[in-house]
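Working notes, structure below.
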Amino acid sequence: MKPLATLAASFVVAAATLTLPASAHAGGPPNDGGGGGGAPAAAPGHCSDADLTVTNGPIESANTLRRVVVSFKNTSSNQCMLAGYPDANLVTAAGGVLVHVENRPANAAHVLHLNPGDIANADVESSALDINGSGNPCPREGTLVVTAPGDSVSHELPVALPICHATISSVD
C-alpha cells in the first residue's frame, strides 16, 4: 500500500510543477475573467491587402475539371485574421466579368489567425464542359481575379480557366 501512496504523491508533485500552455480559444478574444492579471490579449485585425500577397499554383486537370489553388500569405509583421470566402470572377482581357465564381457549399467557413509568414489557401474549380447538358467543351476561358475575404482590392492572377461553371472554397 505504501508504494501506491508514494506513486500518487509523485503524480501530484509532478502535476503541480508542470507549466501547461494556455488553451486555444475559438469564437472571439479570450475572456479576462475580471480577475485582473492585465488586459486581455487583443484580437488580431482583419487581413487587409497591405498584409497579404496573393498568388496561385498551377492549373491541375482531372477529367473535365480544372483546379487552381489560390494562396494568401501574411507578409506583414503582425498577426491578422481571414474568415470566409474570397470573392472571385473569371474576366475577359478587357476586365469584363464572364462568370462570377460561386461559393462552394461547406458546413462552416474557417476563421484563420495568420502569423507573419503563414499562408491560407482557397481553391477554384471550373468545368471544362458545358454543365447545361450539351456536353460540349466550354467555348471560352477567363482570367481569374480574386479578392481576399473581407477586402476590396482585386488581384488578377495569371491563370485562365474555362467559364462554364466555377466554384471557390472558403479559406483554409
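Side-chain atoms are counted along with the backbone in the values below, which use heavy atoms only and exclude waters and symmetry mates. Keep in mind that this is a model prediction, so the values were computed, not measured.
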Might you work through the side-chain hydrogen bond (donor to acceptor under 3.5 Å, both in side chains) test for Ser76 and Asn78, ending with a clear yes or no? CA-CA 5 Å; Ser76 76; Asn78 300 307; 5.0 Å; no

Pairs where residues 135-172 contributes a residue and the test disulfide (SG to SG under 2.5 Å) is met, not counting sequence neighbours: Cys138-Cys164

Ser126 and Pro162: which non-hydrogen atoms are nearest, and at how many Å? OG-CD, 3.2 Å

Can you pull out every disulfide (SG to SG under 2.5 Å) where at least one residue sits in residues 93-126? Sequence neighbours excluded, please. none

For the residue pair Ser61 and Arg66, what are the closest heavy atoms and their distance? OG-CD, 3.3 Å

Identify the two heavy atoms, one from Lys73 and one from Gly117, that lie closest to each other, and give their separation to 0.1 Å. CE-O, 3.8 Å

Hits for side chain to side chain donor-acceptor pair (under 3.5 Å) against Asp118, two or more places apart or cross-chain, chain-then-number order -> none

Are Val91 and Val54 connected, step by step, through hydrophobic side chains (Ile, Leu, Val, Met, Phe, Trp, Tyr) whose heavy atoms are closer than 4.5 Å? no

For the CG atom of Leu112 and the CD atom of Gln79, what is their distance to the nearest 0.5 Å? 10.5 Å

Quick one, Val146 and Leu157 - any side-chain contact, counting heavy atoms below 4.5 Å? yes

How about Leu52 and Leu82: do any of their side-chain heavy atoms sit closer than 4.5 Å? yes

Reported CE-to-NE2 distance for the pair Met81 and His113, which is rounded to 0.5 angstrom: 6.0 Å

In terms of hydrophobic clustering (I, L, V, M, F, W, Y; side-chain heavy atoms under 4.5 Å; direct or indirect links), are Val97 and Val99 co-clustered? no

Within this structure, what is the OG1-CG distance for the pair Thr143 and Leu90, rounded to the nearest 0.5 Å? 8.0 Å

Is the closest side-chain donor-acceptor distance between Thr147 and Ser154 under 3.5 Å? yes

When rounded to the nearest 0.5 Å, the distance separating OG of Ser169 from NE2 of His110 is 9.5 Å

Main chain of Pro149, side chain of His46: is a donor-acceptor contact present, judged purely on distance under 3.5 Å? yes

Expected output: side-chain Asn74 to main-chain Leu114 donor-acceptor under 3.5 Å: yes

Show every disulfide (SG to SG under 2.5 Å) that has at least one partner inside residues 45-81, sequence neighbours left out. Cys47-Cys80

Within the side chain of Thr64, is there an N or O that forms a donor-acceptor pair under 3.5 Å with the backbone of Ser127? no

Cluster overlap Val124 with Ile59, hydrophobic side-chain contacts below 4.5 Å: yes

Within the 4.5 Å heavy-atom criterion, are Leu144 and Val68 side-chain neighbours or not? yes

Are the side chain of Asp151 and the backbone N or O of Ala148 linked by a donor-acceptor pair below 3.5 Å? no

Sequence neighbours excluded, the answer for side-chain contact (heavy atoms from CB on, under 4.5 Å) partners of Ser71 is Thr55, Val69, Ile119, Asn121

Side chains of His165 and Asp130, donor plus acceptor under 3.5 Å: no

Minimum heavy-atom distance between Tyr85 and Ala106, given as atom pair plus value: OH-CB, 3.5 Å

Step-by-step side-chain contact (heavy atoms from CB on, under 4.5 Å) determination, Leu98 to Arg140: CA-CA 9 Å; Leu98 294 169; Arg140 298 172 71 187; 3.3 Å; yes

Nearest atoms (heavy-atom pairs only) where Arg104 meets Thr167: NE-OG1, 3.0 Å

One should read off an interatomic distance between Asn63 CG and Leu65 CG, to the nearest 0.5 angstrom, of 7.5 Å

Nearest heavy-atom contact between Gly142 and Ile163 is N-CG2, 3.4 Å

Does Leu129 sit in a hydrophobic cluster with other residues, and if so which ones, taking ILVMFWY side chains as linked at heavy-atom separations under 4.5 Å, directly or through other members? none

Could you give the distance from CD1 (Ile168) to CG (Asn89), rounded to the nearest 0.5 Å? 9.5 Å

